[in-house]
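Residue numbers count from 1 along this sequence.
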Amino acid sequence: METQVNQSTGNKKRPLIIGLAIIAVLAIGATAYAMFIDLSPRELYLKSELNTFKALNESFEDSFGDALALQDKQREEAYKSEARVGVEVDPAMFGAGGMEAAMIGSVLTNSEIKMTTQHDPKKEEGSAGVALTMNNTDLVKADFYQNNKQTAVSVPAAYDKHVYFPNSQFGDVMRKFDPSYEGMEKLENFFKVIEGDVSEEARDEAFQEFAKVYADSIKDENVTLKDDVDFKGEKLRELTVSLSEKETKTMLVNFIEKIEKDDEILDAIAEQTALQGGLQTGMMAPTGNMSKEDAKKELKQLLADVKKGINDDLQIPGGMKQVVIIDKDDKVVSRDLSMKIGANGEEAVPVNYKSESWMKGDVTNSSWVLNAGPEGETLLVDVKMESEPKGKDGKKRDIKAKFEMTENGTTEGIGFHIKGEGTDKKSKWTASLVPAGDAPMELPDMTIEIEHKGDQNLDKDYANHDYKVTLTGNDATMGDINVGLNIKTKTTFGEKLKFPELSEGKAVNAAEMSDAEMMGMMSEIQRNIEQFVGENASMFQGF
């Protein structure tokens with residue numbers, strides 16, 4: 001997380017303000033792991049947060065359980081995954097474009113991109129390949145292979161051998177091509193990025209710890225109870241949680257300190273940061289060269305800076321107030337959180353977050369609204385969703401969202417309308433842009449339709465998922481648009497994976513090549529590319 005509390009410009013501080021506001025909102029979602037017999041208002045509130053989190057987690061599992069289970073298995077077991085992407089184009093789109101346009105349409109319709117991934121997480125070894133096929137024949141392909149010691153690439157149309165180098169000599173290899181190269185010296189194993197994650201056990205433990213931090217921040221005197229409050233025609237209970245500025249800042253600092261003391265979380269973040277070349281700070285890109293140890297030190301310094309910013313610069317005049325309404329099952333059905341947040345010497349910015357969830361028959365109505373910013377310069381995020389059962393194990397959802405920014409008396413915005421139904425085996429969704437605000441952006445007349453069919457049985461070590469993505473609409477210059485992507489994926493586990501043999505005669509070590517050998521290889525690559533283009537000239541006409 002980034003802080004800019006020492007900057008003098010109010011506009012530059014707003015990312016910090018919004019960021020800390022979001023932390024506060026998320027902190028409210030944390031819950032205490034305890035059950036109570038004689039419930040005080042504080043205990044009732046904490047229990048309702050726990051129940052609400054459990055219900056939300058169950059809903060998330062119902063919606064994305066297959067995808068999450070597949071990802072978990074891929075992080076633990078060797079697998080091979082194949083994806084084929086084909087284009088489907090309405091011929092009428094190219095009718096007015098002459099022969100060249102017709103040729104482009106024909107090439108697209110008869111072409112397919114084939115991607116193959118193999119990964120053995122235990123050996124920390126993997127490969128990725130991509131091929132362009134025409135009429136089911138590979139026209140050109142490229143392969144990438146990596147383990148903890150070395151990296152190899154292969155493009156048969158350009159060079160008939162794998163070219164590889166030790167990961168530790170990446171900088172030396174790059175300087176063979178560009179003597180002024182000053183980037184990353186050592187190439188980390190890309191496939192560690194795929195498998196790197198905090199364990200499920202560690203995540204559960206961390207959640208319990210963070211929930212405890214939040215629970216300990218709420219005292220009996222912070223919570224009041226009011227009975228028989230009207231909500232959607234029912235008489236329910238209302239709980240008001242009020243924290244002073246000092247109490248709110250102490251809670252935020254306690255969250256930061258909990259992260260600082262959790263080595264497993266720090267190590268996981270540091271490893272991913274090192275693999276990605278460093279931390280993203282402000283508008284600066286990662287440096288491209290950072291060890292896990294250095295990343296952990298920088299992460300700790302970043303957390304220390306955030307904590308110092310909270311203690312020294314953050315202002316929350318009036319503290320934080322939250323009003324929740326809970327139903328008869330002790331779950332939150334309405335939440336209204338408000339606070340003002342800013343930095344020393346700056347006017348505090350109001351932040352308000354509201355959410356509701358209630359049943360009307362079989363339909364669940366949910367809404368989430370965030371308002372943030374000073375008067376006349378507000379950001380609004382407004383999301384509404386209707387969800388209801390559809391057949392056996394199915395769901396039907398209708399989601400409307402809008403994002404609006406008000407400035408100088410004018411509100412500009414953009415909206416989305418998403419609707420669909422189905423199960424994890426078969427579903428169909430559509431999404432379209434809609435106007436928002438009193439000065440709506442000019443939006444294209446476009447609709448995206450996504451159809452999914454899945455056949456997954458991880459006990460039998462396979463997962464097959466097919467998608468059809470169709471873009472339809474109208475453009476002033478192109479006329480009617482109708483373009484589709486057909487995506488077919490197949491994943492299998494437990495089979496013996498085949499990786500390239502980087503031996504003499506089958507591969508060349510770029511790190512050990514002399515300048516003359518390197519020039520010879522580059523000349524051969526250039527000749528092969530020219531020959532390939534000449535042999536496939538008809539394919540490139542019109543592009």
Side-chain angles (χ1 to χ4, degrees), residues 67 82-115 130-140 381-386 390 395-405 411-422 426-454 464-490 536-543:
E82 296 177 304
R84 304 181 74 96
V85 182
V87 180
E88 198 173 278
V89 184
D90 184 351
M93 287 180 55
F94 298 96
M99 289 296 295
E100 287 187 355
M103 183 178 293
I104 294 174
S106 176
V107 170
L108 290 174
T109 301
N110 292 287
S111 300
E112 193 174 54
I113 295 175
K114 181 173 63 177
M115 294 172 285
V130 59
L132 174 63
T133 69
M134 289 193 67
N135 299 316
N136 296 315
T137 300
D138 287 351
L139 183 66
V140 61
V381 180
D382 187 340
V383 182
K384 293 179 173 60
M385 180 176 74
E386 291 184 355
K390 186 70 175 181
K395 283 283 186 182
K396 179 180 179 181
R397 288 192 172 100
D398 191 305
I399 304 168
K400 295 177 181 177
K402 64 178 179 180
F403 304 85
E404 295 181 346
M405 177 64 74
T411 301
E412 295 182 341
I414 186 171
F416 301 88
H417 187 191
I418 303 171
K419 57 183 179 179
E421 60 183 66
K426 185 178 180 180
S427 63
K428 183 176 180 179
W429 294 82
T430 60
S432 55
L433 299 172
V434 295
D438 54 25
M441 299 170 59
E442 186 174 343
L443 302 175
D445 176 19
M446 297 290 180
T447 298
I448 295 177
E449 181 177 276
I450 302 175
E451 296 181 70
H452 166 251
K453 292 181 180 180
N464 302 322
H465 294 276
D466 296 346
Y467 302 87
K468 183 175 182 180
V469 183
T470 305
L471 174 66
T472 58
N474 184 272
D475 181 81
T477 57
M478 296 182 64
D480 291 335
I481 297 174
N482 190 335
V483 180
L485 289 178
N486 292 312
I487 306 169
K488 297 180 181 295
T489 68
K490 179 181 180 181
N536 297 277
S538 60
M539 173 187 169
F540 297 97
Q541 291 177 3
F543 285 92

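Separating the OG1 atom in Thr447 from the CG atom in Asn482 is a distance of 11.0 Å, to the nearest 0.5 Å. Expressed to the nearest 0.5 Å, how far CD1 of Ile418 lies from CZ of Arg397 amounts to 11.5 Å. Atom CG in Leu433 sits 12.5 Å away from atom NE2 in His417 (nearest 0.5 Å). For the atom pair Met405 CE and Ile414 CD1, the distance stands at 13.5 Å (nearest 0.5 Å). Rounding to the nearest 0.5 Å gives a distance of 9.5 Å between NZ of Lys468 and NZ of Lys453. Within the model, atoms NZ of Lys390 and OG of Ser427 stand 14.0 Å from one another, a figure rounded to the nearest 0.5 Å.
Side-chain atoms of Met446 and Leu471, non-hydrogen and from C-beta on, do get closer than 4.5 Å to each other. Contact annotation: the side chain of Val85 never approaches that of Asn486 to less than 4.5 Å [non-hydrogen atoms, C-beta and beyond].
Under the 30°/60° scheme for interplanar angles, the aromatic rings of Phe416 and Phe403 are found to stand perpendicular.
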Tell me, with the steps shown, if Thr133 and Leu139 meet side chain to side chain contact (heavy atoms under 4.5 Å, CB included). CA-CA 5 Å; Thr133 69; Leu139 183 66; over 6 Å; no
Kindly determine whether Trp429 and His452 satisfy side chain to side chain contact (heavy atoms under 4.5 Å, CB included), including the steps that lead there. CA-CA 9 Å; Trp429 294 82; His452 166 251; over 6 Å; no
Given salt bridge (Lys or Arg N to Asp or Glu O under 4.0 Å), test Lys428 with Glu449 step by step and report yes or no. CA-CA 7 Å; Lys428 183 176 180 179; Glu449 181 177 276; 3.8 Å; yes
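A salt bridge links Lys384 with Asp382: at least one charged nitrogen is closer than 4.0 Å to a carboxylate oxygen.
In summary, of the residues considered (His465, Glu82, Arg84), a side chain to side chain contact (heavy atoms under 4.5 Å, CB included) with Thr489 occurs for His465 alone.
Not counting sequence neighbours, Glu412 has no partner by the salt bridge (Lys or Arg N to Asp or Glu O under 4.0 Å) test. Take Val383 and apply the side chain to side chain contact (heavy atoms under 4.5 Å, CB included) test, not counting sequence neighbours, and it matches Trp368, Val381, Ile399, Ala401. The side chain to side chain donor-acceptor pair (under 3.5 Å) test applied to Thr411 returns Thr406, not counting sequence neighbours.
Considering all non-hydrogen atoms of both residues, Gly415 and Ala436 come closest at N-CB, 4.0 Å. Met134 and Ser111 get closest at one heavy-atom pair: CG-OG, 3.6 Å.
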